[in-house]
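Numbers here are sequence positions counted from 1.
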Amino acid sequence: METQIEQFLKELALSTQQLQPILAQLKADSNLAAFLGHKSYDATKLTALACSTLKVILGDNVVDTPPVSQSTVGENWSQACWQTPTCIILAKSPVDVSKTLKIIKFFCTKFAVRSGGHSPNPGWSSISGPGVLIDLQRLNEVTVSTDKKVVSLGPGGRWGDVYQTLDPYGVSVIGGRIPHVGVAGVILGGGFFHFSGEYGLAADNVKNFEIVTAAGAILNANKDENSDLFWALKGGGANYGIVTRFDLYTIPVHDIWYQVGIYATEQVPAILDAFAEWQNTGASDLKSTVALIVGLESTTLGLLYSAPADAPKAFAPFYNIPATVVAVPPTNGTVLSLTQILGSTFSNEPLRHDYRGISSKIDAKLYKDVYAFWREKALAVHAATGANQTFTLQPVTANMAKVGAAKGGNPTGIPSINHQWWTTLVDWNNASDDNTVRSVSIATTEKWREYGQSRGLDLRYIFMNDASRDQNPLQSYGSDNVARLKQIAKKYDPAQTFQNDQNAGFLLSRS
Ligand SMILES: Cc1cc2nc3c(=O)[nH]c(=O)nc-3n(C[C@H](O)[C@H](O)[C@H](O)COP(=O)(O)OP(=O)(O)OC[C@H]3O[C@@H](n4cnc5c(N)ncnc54)[C@H](O)[C@@H]3O)c2cc1C
């Protein structure tokens, strides 16, 4: 009779040369036999065995075993995520990913999945041993279809490379706004771009997801095939398997207008007034959008228009507030040049990072009251720890939810009114300051809730791509959507491997 081990190896379709040594090694392990008979097995030893099996099957150039490369560990953007796994799988193909998941499932090994590594939430795309890190940086293709209507993206690509490749084709995509952020995390969390108000979320513009399920099946999810999974992946995060390719519809946007100014702290209340006024008036011109980053010493305001223009009228509320420094004068540029400009404003030096999100209806007084609250706290913590704190108000249009629905719908439950998503970005040095630094954004999101609820301006939606480790964005999608997401997760992952063995994340089992 075939043993469980033989059955498992048969599924991996190994060559005789690969099969014999691994079969002999696994059969000789009496602890494994006991484990397969439901006895416990020390997780460190079992994970080491899983890693050595992975190495025989996938090869030395795919599996980095102990001591794993610390420079690969350090590729997570936030130092708080620099965790050393037992081994790192640098997958080169969906088949590598499929074999990895089959092996992980057989050994019940803890794992994490990393694409761009830009989640600052410790353990989301990082893991300490015993555990396996599945790294997708080698799956970074950017391939444009001959009719330029669709671009296929590997999960481990970076948005800067995507816009660079698309530029000569005269088209663009709804993706991430900062060049070094990864493709997969952005799209699976929904994906907000400058022109989402006009074209929807990145996820709304996906034609097809190629995904490897926990059982190792390589599936397509689109409007005709596995359409329930297609819906779930448009914002459902890391709950369904590992996405190995995104086919994204391009948008006919290449030449755009923008200007960027730097403003003094005393001007922030006037800018927040103008922002709310523009949201209520100018934002009806869906080509117009605003990028606002409020800092402790200065504030950056970008006015962006998704077509060539000359001082668009939509931005009238801002034109009478003079910038202290004109960082970028009114320019007819491209999506690529804008991405490069924005990229140069973000530092990639190794630091600890966090972000945190919340949403509200439009109200200038609410914006200014929360700003005053945040500023006092952020200044005190800056003085104590040196932490750099900034926040942004992201303008969301009613049209964004409408476009999402017209493109087949998504599970996010984003309110179909003009509103805003607030998020912080915080950088600091010392682990001992983690709680002190994070307390500012925690207290500020609580303040948004308190003021929002008492003034009838609260919205429950929390954008997954801005959510911190202790927040629950999936719950904010609404109970019907969460129930449907859970049902779909059980269908495609009956053993619930992605809920039980995945290290951490915004998981349905915790929502
Ligand atoms: C400076 C900065 C700018 C940002 N700008 C934007 C923006 O413009 N728009 C926006 O929407 N968001 C933005 N974000 C947020 C960003 O979308 C999230 O941080 C996202 O998680 C990063 O994607 P990644 O692939 O780099 O992440 P990773 O850290 O690699 O992964 C994030 C999560 O996705 C899971 N995951 C990764 N790859 C896969 C896969 N292939 N299959 C299944 N699960 C996977 C991971 O396990 C993890 O839970 C920004 C973040 C930063 C720090």
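Checked by atom type and distance alone, the side chain of Ser128 never pairs as donor or acceptor with a backbone atom of Gln83 at under 3.5 Å. Side-chain N or O atoms of Gln18 include one that pairs as donor or acceptor with a backbone N or O of Ile57 at under 3.5 Å. Here the side chain of Tyr199 pairs no donor or acceptor atom with the backbone of Asn205 at under 3.5 angstrom. With hydrogens and angles ignored, the 3.5 Å screen pairs no side-chain donor or acceptor of Ser468 with any backbone N or O of Arg356. In terms of modelled atom types and a separation under 3.5 Å, the side chain of Ser93 and the main chain of Asp96 share a donor-acceptor contact. Of the possible polar contacts, one joining the Asn465 side chain to the Val186 backbone as a donor-acceptor pair under 3.5 Å is found. Between the side chain of Tyr163 and the main chain of Val173, a donor-acceptor pair closer than 3.5 Å is present. For Glu6 (side chain) and Thr3 (main-chain N/O), a donor-acceptor pair under 3.5 Å exists by modelled atom type. Between the side chain of Thr213 and the main chain of Gly241, no donor-acceptor pair closer than 3.5 Å is present. A donor-acceptor contact shorter than 3.5 Å links the side chain of Thr250 to the backbone of Lys149.
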| said: Let's go through Val335 and Tyr258 carefully: what are the C-alpha distance in whole Å and the side-chain angles of both, what is the deciding distance for side-chain contact (heavy atoms from CB on, under 4.5 Å) to 0.1 Å, and is it a yes or a no? | reply: CA-CA 10 Å; Val335 173; Tyr258 50 79; over 6 Å; no
| request: Would you check, one step at a time, whether the test side-chain contact (heavy atoms from CB on, under 4.5 Å) holds for Gln475 with Val482? | output: CA-CA 7 Å; Gln475 207 173 55; Val482 172; 5.5 Å; no
| Stepwise, does the side-chain contact (heavy atoms from CB on, under 4.5 Å) test hold for Ile256 with Leu304? | CA-CA 8 Å; Ile256 61 172; Leu304 322 175; 5.8 Å; no
| task | Dump the intermediate steps for side-chain contact (heavy atoms from CB on, under 4.5 Å) on Thr444 and Phe391, then the final yes or no. | result | CA-CA 11 Å; Thr444 310; Phe391 74 75; over 6 Å; no
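Side chain to side chain, Asn76 and Ser125 meet the donor-acceptor criterion of an N or O pair below 3.5 Å. In this model, no donor atom of one side chain and acceptor atom of the other lie less than 3.5 Å apart for Lys105 and Thr497. Side chains of Gln420 and Gln279: no donor on one and acceptor on the other come within 3.5 Å.
Smallest separation of non-hydrogen atoms from Ile362 and Leu457: O-CD2, 4.2 Å. Nearest heavy-atom pair across Asn481 and Gly413 is ND2-N, 3.8 Å. Across all their heavy atoms, Arg177 and Thr339 have their closest contact at O-CG2, 3.9 Å. A pairwise comparison of heavy atoms in Leu201 and Gly190 identifies CB-O, 3.5 Å as the closest pair. Considering every non-hydrogen atom in both Ile89 and Leu54, the closest pair reads CD1-CD1, 3.7 Å. The shortest heavy-atom contact between Met464 and Tyr477 is CE-OH, 3.6 Å.
Annotation: ring-ring contact (aromatic ring centres under 6.0 Å, His included) contacts of His194 (sequence neighbours excluded): none. Remark: Phe111 pairs with Phe498 by the ring-ring contact (aromatic ring centres under 6.0 Å, His included) rule, at least two apart or across chains.
To the nearest 0.5 Å, the span separating CD1 on Ile462 from OG1 on Thr445 amounts to 8.0 Å. Summarising the geometry, atom CD1 belonging to Ile134 is positioned 12.0 Å from atom CZ belonging to Arg114; distances are rounded to the nearest 0.5 Å. The distance from atom CG of Asn226 to atom OH of Tyr240, rounded to the nearest 0.5 Å, is 13.0 Å. With rounding to the nearest 0.5 Å, the separation of NE2 in His419 from CD1 in Ile414 is 6.5 Å. Atom CG in Leu366 sits 11.5 Å away from atom NZ in Lys361 (nearest 0.5 Å). With values rounded to the nearest 0.5 angstrom, Thr424 atom OG1 is found 12.5 Å from His353 atom NE2.
In this structure, Phe230 and Lys223 have side chains that are in contact, with non-hydrogen atoms separated by less than 4.5 Å. Here the side chains of Val183 and Pro155 are not in contact, with every heavy-atom distance at 4.5 Å or above. By the 4.5 Å heavy-atom criterion applied to side chains, Cys51 and Val132 are counted as neighbours. Asn140 places none of its side-chain heavy atoms less than 4.5 Å from the side chain of Arg158. Looking at Leu139 and Thr244, their side chains come closer than 4.5 Å, going by heavy atoms from C-beta outward. Taking 4.5 Å as the limit, some side-chain heavy atom of Asp60 sits within range of a side-chain heavy atom of Lys55. Considering only heavy atoms from C-beta on, Phe107 comes within 4.5 Å of Phe8 through its side chain. No side-chain heavy atom of Trp82 sits under 4.5 Å from any side-chain heavy atom of Ser126.
With respect to Ser511, the side chain to side chain contact (heavy atoms under 4.5 Å, CB included) criterion is satisfied by exactly one of Leu485, Leu474, Asn239: Leu474.
By the 4.0 Å N-to-carboxylate-O rule, Arg438 lies close enough to Asp470 to be salt-bridged with it. Between Arg245 and Asp247, at least one side-chain N (NZ, or NE/NH1/NH2) sits under 4.0 Å from a carboxylate O, which counts as a salt bridge.
Taking the six-membered ring for Trp, Tyr367 and Trp422 have ring centres at least 6.0 Å apart. Centroid-to-centroid, the aromatic rings of Tyr461 and Phe192 stay 6.0 Å apart or farther. Ring-centre distance between Phe209 and Phe246: below the 6.0 Å cut-off.
Classification of the His118-His180 ring pair by plane angle, with boundaries at 30° and 60°, yields tilted.
Remark: Lys102 is not positioned above the aromatic ring of Phe106, lacking an NZ or CZ atom under 6.0 angstrom from the ring centre and at most 45 degrees off the axis. Tyr451 carries Lys447 over the face of its six-membered ring, with the cationic atom under 6.0 Å from the centre and within 45° of the normal.
Residue pairs meeting the salt bridge (charged side-chain N to carboxylate O under 4.0 Å, His left out) criterion with at least one partner in residues 190-208, sequence neighbours excluded, are Glu198-Lys287.
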